[in-house]
Number of protein chains: 2
Amino acid sequence: MAQPDTVTRILDTAEVLFAERGFAETSLRNITSKAKVNLAAVNYHFGSKKALIQAVFARYLDPFTTRFHAALDELEARHRQDGSEIPLEELLETMARTVLEVPAERNSLKVFMRLLGLAYSQAQGHLRRYIQEEYGSVFMRFTELVRRATPELPDAERFWRLHFVLGTVIFTLSGLDALRDIAEQDYHEHVSVRDLVRRLRPVVVSAMQAPLPEPPAQQEAS
Amino acid sequence: MAQPDTVTRILDTAEVLFAERGFAETSLRNITSKAKVNLAAVNYHFGSKKALIQAVFARYLDPFTTRFHAALDELEARHRQDGSEIPLEELLETMARTVLEVPAERNSLKVFMRLLGLAYSQAQGHLRRYIQEEYGSVFMRFTELVRRATPELPDAERFWRLHFVLGTVIFTLSGLDALRDIAEQDYHEHVSVRDLVRRLRPVVVSAMQAPLPEPPAQQEAS
DNA sequence: CAAAGTTGGAAACAATTGTTTGAATATGGC
DNA sequence: GCCATATTCAAACAATTGTTTCCAACTTTG
């Protein structure tokens, strides 16, 4: 499409407004007026509002997948040498590190997380489809590694637990501002994102390694 | 406001559409045409779209808070007799049971959960404020009981962990349809809501009882 | 039965939405 | 210099939004 200043001004403004208010609640006029560009610029450079939304995501997810693939490459290479399986903690740790790393440059982890949360919760069917098609492969690679790291878990159980912890992370980090306000007000304790990740670690690990649920419906367990 | 058939037809239709597509993405014309009532009926009976949204929530949350208070009363009374503290599992169990119980009549747990998820994720400031003001007290009562059940947890840690598991539950149950599709397709296994709650139980308990995170910088031991 | 008040309905309201148009301006290659 | 292309801009577009108006139909009540 195009490269220069207008495009990034639009993207910078759009991602903030989207994160603050959602997609449907943010009009193109909101974006263009705040970005000080002409209204038609969005349709000119991106084609449509849908395409703009996808472009906002691509600017985060493209570098993320690149780095995450690289990090997994390195992790696999290291463990291929000493012949050991990659432990679950290391996988989770790697993912967390990559997630923290990518938006660090623009100091916008909060925006990134909020966008991810919106992608799941807003109806926007096209978005989920886009993300699935464009970035599904890296997620599949990760889950396959998790599978090898947790051979004791039935496949279905692991599937659900991964989504359980995904929910924890996205919910917490995407609602971070509101929660942080409450926490600071109630406990007079400032929480940084790194702080939260530190708190999340043992919880997520314990969640993944929780005992298996009792088998369904039958009154009699062994 | 009013009582008869039109009002409930609007509410029934609105909650389904809201759950499917979000608030901003659902127009009053969508609702009224599908409910086969006149467009003006919404503003006549509820006053505004905002008020309709709140009414949809109230229809779930009012009975929920009533029953939850009652269930907690009973739980407290039972444990006051034998002098023991209420264990965490029982608290979580009670909440889960109440959540499952309330919408069971209309077979709309999915809708209920999806609405809760939207309430958190959609910007809709008025909604969060409304829910907080209207139903904050029952949540505070619950957290106080959780506090007594987990005296080993620092207050801030407990606060965060409660929101961690809240995220798990809301995220999972509100995105249930999509996740269920994937799960059935990949593992040929049908998952009911009760099934999911069964899977959630050990995960949530383990998450709450996870070891404390290490203070800001140190190595880890299992 | 008739008056009063409540509910239902078609139409119009003003505001806002995403998108398109066509002319003006800047930019870059020759 | 000039031409072609790329970008910006103001204006208008058609569609949709929540809300209001005014009148008909109904139910209740005296």
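In what follows, chains carry the letters A, B, and so on, assigned in the order in which the sequence lines appear, proteins first and then strands, with residues in each chain numbered from 1.
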Enquirer: How are the rings of Phe57(B) and Phe23(B) set to each other: parallel, tilted or perpendicular (split at 30° and 60°)?
Expert: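 Ring orientation of Phe57(B) relative to Phe23(B): tilted.
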Enquirer: OP1 or OP2 of dG8(C) sitting under 4.0 Å from any side-chain N/O of His45(B)?
Expert: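 The answer is yes; a side-chain N or O of His45(B) sits under 4.0 Å from OP1 or OP2.
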Enquirer: What does nucleotides 17-23 of chain C look like as a protein-contact string, B for base, S for sugar-phosphate only, - for none, at under 4.0 angstrom between heavy atoms?
Expert: BBBBB--
Enquirer: Do Arg158(B) and Thr150(B) have a side chain donor and acceptor closer than 3.5 Å?
Expert: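 Judged by distance alone, the side chains do pair up.
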Enquirer: Less than 6.0 angstrom separating the ring centers of Phe142(A) and Phe68(A), yes or no?
Expert: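 Ring centres of Phe68(A) and Phe142(A) closer than 6.0 Å.
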Enquirer: Are His163(B) and Phe159(B) near enough that their ring centres are under 6.0 Å apart?
Expert: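 Ring centres of Phe159(B) and His163(B) closer than 6.0 Å.
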Enquirer: For Arg59(B), check side-chain hydrogen bond (donor to acceptor under 3.5 Å, both in side chains) against everything at least two apart and list the hits.
Expert: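 Partners of Arg59(B) by the side-chain hydrogen bond (donor to acceptor under 3.5 Å, both in side chains) criterion, ordered by chain and then number, come out as Asp12(B), Glu15(B).
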